[in-house]
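Note sheet for the following structure.
Within every chain, numbering begins at 1; the chains are lettered A, B, ... in the order of the sequence lines, protein sequences first and strands thereafter. Computation of the quantities below employed the complete heavy-atom set of this structure, encompassing side-chain atoms and omitting hydrogens, waters and symmetry-equivalent molecules.
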2 protein chains.
Amino acid sequence: MGYLRDKKFLIDFGKNLKRIRVEKNISQAELAYSINVEISQISRLERGQLNSGIYSVFLIAKYLKVSPKELFDF
Amino acid sequence: MGYLRDKKFLIDFGKNLKRIRVEKNISQAELAYSINVEISQISRLERGQLNSGIYSVFLIAKYLKVSPKELFDF
DNA sequence: TTTAATATAAGCAAATTTGCTTATAATTAA
DNA sequence: TTAATTATAAGCAAATTTGCTTATATTAAA
């Protein structure tokens, strides 16, 4: 990640994702396994350490049974 | 992009982005220049050829003066 | 507390995106 | 039609994400 990147957006996104995932009682491992991505990706994404691609977001939203929109609703 | 990736989401996302951008009378070049990304990225993104990071989406939404949510509203 | 489950951390290779560039095609304006 | 603007295309290096792995820390349950 470029050093000039404003991380607030990524951190807020991650927090929102985590909130929704926890609300649905789904572990990082379950989510990761179900959509075929690595736990480490979910972990890093939730902590704002990763600028994931929109396709991963789409898969995550799908498994969490929310619209991708909702993951950006913060 | 992995060969198994379902491209429909990326293509739909791109179309929606293009629709919004054109509605606002903003060229790919203007958008790209304004948020410091390459025109080729915008072009590829709009055609669903690219799984851009959410941070780029955030920047794009910001310049287009829409919520990131709106880019996923399709 | 002790155990089990969950989450965070970090390193490395492979895959992908991004920046940069040049060229061509398509669209719009004159 | 012609010129100008805008969009698409493609190749390459650099940067970043992702997959894979092992290890540690935190949280929840017994």
Side-chain angles (χ1 to χ4, degrees), chain A residues 1-66 68 71-72 74, chain B residues 1-66 68 71-72 74:
Chain A
M1 288 194 285
Y3 54 90
L4 288 176
R5 182 173 289 162
D6 169 20
K7 305 202 178 201
K8 184 173 191 309
F9 170 75
L10 292 178
I11 288 173
D12 289 347
F13 178 87
K15 283 184 181 167
N16 193 45
L17 164 57
K18 179 163 192 166
R19 177 185 63 76
I20 293 173
R21 176 181 61 76
V22 169
E23 267 176 23
K24 306 231 167 195
N25 268 83
I26 293 171
S27 68
Q28 289 183 340
E30 178 188 342
L31 175 57
Y33 174 79
S34 301
I35 65 175
N36 259 353
V37 301
E38 284 300 313
I39 293 185
S40 60
Q41 297 300 334
I42 304 292
S43 176
R44 286 186 264 213
L45 183 56
E46 286 190 349
R47 284 173 289 134
Q49 286 194 353
L50 210 55
N51 175 30
S52 268
I54 56 176
Y55 190 71
S56 293
V57 172
F58 163 68
L59 292 178
I60 289 169
K62 196 171 172 184
Y63 188 77
L64 295 181
K65 296 196 177 87
V66 298
L71 294 177
F72 290 92
F74 51 88
Chain B
M1 289 194 281
Y3 54 91
L4 288 176
R5 181 174 288 162
D6 169 21
K7 307 201 175 196
K8 184 171 190 311
F9 170 76
L10 293 178
I11 288 174
D12 289 347
F13 178 87
K15 282 184 181 168
N16 193 45
L17 164 57
K18 179 163 190 167
R19 178 185 61 78
I20 293 172
R21 177 182 60 76
V22 169
E23 266 176 23
K24 306 230 168 197
N25 268 84
I26 293 170
S27 69
Q28 290 181 338
E30 178 188 341
L31 175 57
Y33 174 80
S34 301
I35 65 175
N36 259 353
V37 302
E38 283 300 314
I39 293 186
S40 60
Q41 298 300 332
I42 303 292
S43 176
R44 286 187 264 214
L45 183 56
E46 287 190 348
R47 285 174 287 133
Q49 286 193 352
L50 211 56
N51 175 29
S52 269
I54 57 176
Y55 190 71
S56 292
V57 171
F58 163 69
L59 292 179
I60 289 169
K62 196 172 173 184
Y63 187 76
L64 295 181
K65 296 198 178 83
V66 297
L71 293 178
F72 290 93
F74 52 88

Yes or no on side-chain contact (heavy atoms from CB on, under 4.5 Å) for A:L10 and B:F58, after CA distance, side-chain angles and deciding distance? CA-CA 9 Å; A:L10 292 178; B:F58 163 69; over 6 Å; no
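- Between B:L17 and B:V57 the shortest side-chain heavy-atom distance does not fall below 4.5 Å.
- For the ring pair (Phe, Tyr, Trp, His ring centres under 6.0 Å) condition, no pair includes a residue of residues 21-40 of chain B, sequence neighbours left out.
- Picking from D:dA10, D:dT17, C:dT8 the nucleotide with the shortest atom distance to the side chain of B:S40 gives D:dA10.
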Set out, line by line, the N/O atom pairs under 3.5 Å between protein and nucleotides 27-30 of chain C.
none

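- Within a heavy-atom distance below 4.0 Å of DNA chain C, the residues of residues 23-39 of chain A found are A:S27, A:Q28, A:I39.
- Going from atom OG of A:S56 over to atom CG of A:N36 covers 11.0 Å, rounded to the nearest 0.5 Å.
- For A:F72, the ring pair (Phe, Tyr, Trp, His ring centres under 6.0 Å) partners two or more places apart in sequence, or in a different chain, are A:F13, B:F72.
- Look at A:R21 and you'll find a side-chain N or O under 4.0 angstrom from OP1 or OP2 of C:dA7.
- Take B:E46 and apply the side chain to side chain donor-acceptor pair (under 3.5 Å) test, not counting sequence neighbours, and it matches B:R21, B:Q28.
- Not one side-chain nitrogen or oxygen of A:K18 sits closer than 4.0 Å to the OP1 or OP2 atom of C:dT6.
- Nearest nucleotide to the side chain of B:R44, out of D:dT8, D:dA10, D:dT18: D:dA10.
- Under the salt bridge (charged side-chain N to carboxylate O under 4.0 Å, His left out) criterion, the residue pairs touching residues 22-43 of chain B are B:R19-B:E23, with sequence neighbours excluded.
- The side-chain heavy atoms of B:I35 and B:K62, taken from C-beta on, include no pair separated by under 4.5 Å.
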